[in-house]
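Below: the structure, in structure tokens.
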Amino acid sequence: MNKTTPPNEQCVDIEFDKQHLWHPYTSMNNALPTYGVVSAEGVELKLANGVKIVDGTSSWWACVHGYSHPKIVAAIQQQAQQLSHVMFGGITHRPAVELARMLIDMTSKRLTKVFLADSGSIAVEVSIKMALQYWQGKNQPNKQKILTVKSGYHGDTFAAMSVCDPEGGMHTMFGELVTQQLFAPAPNSAFSESFDPQELSTLKQMFKDNHQQIAAVLIEPIMQGAGGMRFYHPEYLVALRTLCDQYDVLLILDEIATGFGRTGKLFAYEHANIEADILCLGKALTGGYVSLAATMCSDKVAKGVSDSPAGVFMHGPTFMGNPLACAAAIASLELINQQQWQAQVANIEAQMKLELAAAKHYQNVVDVRVLGAVGVLEMNATVNTAELQQQFVKLGVWIRPFANFIYIMPPYTITNIQLTRLTDAMKVVASQISLPNNDAAFVSHG
Ligand SMILES: *Cc1c(COP(=O)(O)O)cnc(C)c1O
């Protein structure tokens, strides 16, 4: 294949792709296999060879209402005709205003200001910049460190990398460009077990020793996603909120993966009944149709930022508040507001608990855990993503394992039968797999 091969609507030029296109976390020397997808509808992806497979990933946890949803598609089409994009500097539009109103209504009371960002990682960058500028506005410019926990994942840009798990993440390979942050142990008590207050001792000591340098705590509430697929106890968050108040530290919650129903509550912080000072949203915000994220903050934070020497918040991307993305988000949130997700997620949770339980006894499975619409088999070693991917496609499903995890986060609209196909496939693959004891140097959510 060369560069002049004409595109063909029916087929995907896999060979050209392999030669010229980067994929997430891949090598150009040794490209992992990719599958051409030509369309998707409901919970099924249609491959270039005509085969339809059941999606267990919601396209990296975003596509919660399924693909080609008529409401979201219509909203995007209509918006494209009316106003696809206009700069947000000095201009505003109905989709941005309406989306902000919806987000303020849906989230906890304290969150009243909305910054629309282009992607999750950028929403995290924005949250960190807000925290730093807040303390500048409070005349405490020495508060510049972010306290976080191990096993976290917050994105791939530089500030986001600085708060990802320091071992599994990307700290070592970019040297001093990745800021050194403060890492407490990962929350330890599991979601469904009893809370052990002992686990807070290091965290408390870190607050005590460093609070004068700490601008904010940044954490994924309840579920640590790409950093470890772990569900931790709500009491941990309650304690964290208390410590933040006690030591005058902002609390940033990264709900990019957990937001909009995934863990069984609309937002994961509701499990703990706490409020964030700054909240990051993304992934499912547009129902997974277009990239969009949001960083929300309180009046207090907004005032501090605006009182800083800069006098303004120092961020403003070209495509900020893109109307197409806002229109998709409004349509998706209207679907969320119809509340069907509650029963759907509860059913998915119950069915996964039932159907995945048997995997506890498999030789290579060390843990089976389910929370909301997330089902995880933790394996005793790193899995071969490409190899397992191939087995899953043969079984008619799209599941993309990483590190030690074979997991699913299906669209909420999945049927019982489709979900059984996913859990069956997980069990088949997990029971047959023979794992080399391979300590992969670098582990990512790719
Ligand atoms: C995916 C994710 C991000 C990064 O979002 P992108 O849109 O991929 O930049 C940040 N935080 C969490 C918790 C995520 O799951």
Side-chain angles (χ1 to χ4, degrees), residues 22-26 57-64 115-131 146 148-166 168-171 178 181 186-187 216-232 237 240 251-263 265 267-269 271 276 278-296 315 317 319-320 322 325 328-329 332 371-374 376 400 402-403 405 407-409 443-446:
W22 291 105
H23 282 265
Y25 302 101
T26 49
T57 67
S58 303
S59 280
W60 272 339
W61 325 347
C63 191
V64 292
F115 187 101
L116 296 170
D118 351 37
S119 70
S121 301
I122 303 300
V124 170
E125 298 283 326
V126 163
S127 73
I128 293 174
K129 285 167 87 167
M130 275 182 184
I146 305 298
T148 186
V149 293
K150 292 183 179 170
S151 295
Y153 176 79
H154 299 281
D156 294 350
T157 51
F158 276 90
M161 281 195 289
S162 78
V163 282
C164 289
D165 185 83
M170 295 174 265
H171 282 255
V178 179
Q181 309 286 15
V217 169
L218 198 165
I219 192 167
E220 297 156 277
I222 301 297
M223 179 179 88
Q224 294 190 292
M229 303 305 293
R230 304 169 80 245
F231 311 132
Y232 65 86
L237 283 179
L240 199 54
L251 179 59
I252 306 173
L253 294 181
D254 178 351
E255 291 251 11
I256 291 167
T258 50
F260 307 109
R262 182 56 70 180
T263 67
K265 298 276 188 191
F267 298 102
Y269 62 70
H271 289 285
I278 304 178
L279 179 71
C280 302
L281 300 171
K283 290 202 162 99
L285 174 60
T286 63
Y289 281 63
V290 205
S291 182
L292 182 69
T295 306
M296 300 180 67
H315 204 91
F319 288 100
M320 185 166 175
N322 174 255
S332 176
L371 179 69
V374 188
V376 184
R400 191 170 167 83
F402 72 97
F405 310 106
Y407 77 96
I408 51 174
M409 287 204 206
V443 155
S444 79
H445 74 327

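Atoms within each ligand, like the ligands themselves, are counted from 1 in listed order.
For a threshold of 3.5 Å applied to N or O pairs, the pair formed by Ser121 and ligand 1 contains at least one separation below that value.
Put simply, the residue from Cys164, Pro166, Pro187 that forms a side chain to side chain contact (heavy atoms under 4.5 Å, CB included) with Lys150 is Pro166.
Looking at Ile256 and Trp61, their side chains never come closer than 4.5 Å, going by heavy atoms from C-beta outward. Counting heavy atoms from C-beta outward, Thr148 and His154 have side chains that approach closer than 4.5 Å. Using a 4.5 Å heavy-atom cutoff, the side chains of Leu285 and Ser332 are not in contact.
Within the listing of ligand 1, atoms 1 (C), 2 (C), 3 (C), 14 (C), 15 (O) sit less than 4.0 angstrom from a heavy atom of Lys283. The contact set between ligand 1 and His154, taken as ligand atoms under 4.0 Å from a residue heavy atom, comprises 10 (C), 11 (N). The ligand atoms of ligand 1 that sit less than 4.0 angstrom from a heavy atom of Ala257 are 15 (O). Residue-ligand proximity, Trp61 to ligand 1, at heavy-atom distances under 4.0 Å covers atoms 15 (O).
Using the six-membered ring where Trp is involved, Phe402 and Phe405 have ring planes that are tilted, between 30° and 60° apart.
Taking 4.0 Å as the cut-off, Trp60 does not count as a neighbour of ligand 1 on heavy-atom distance.
Nearest heavy-atom pair, Val149 versus Ala186, reported as atom, atom and distance to 0.1 Å: CB-CA, 4.1 Å. Considering all non-hydrogen atoms of both residues, Glu125 and Ala160 come closest at OE2-N, 3.0 Å.
Within the 4.0 Å heavy-atom criterion, both parts of Tyr153, backbone and side chain, lie near ligand 1.
Counting only non-hydrogen atoms, the option in Gly152, Gly120, Gly155 that gets closest to atom 5 (O) of ligand 1 is Gly120. The heavy atom nearest to atom 11 (N) of ligand 1, out of those in Ile122, Leu285, Asp254, is found in Asp254.
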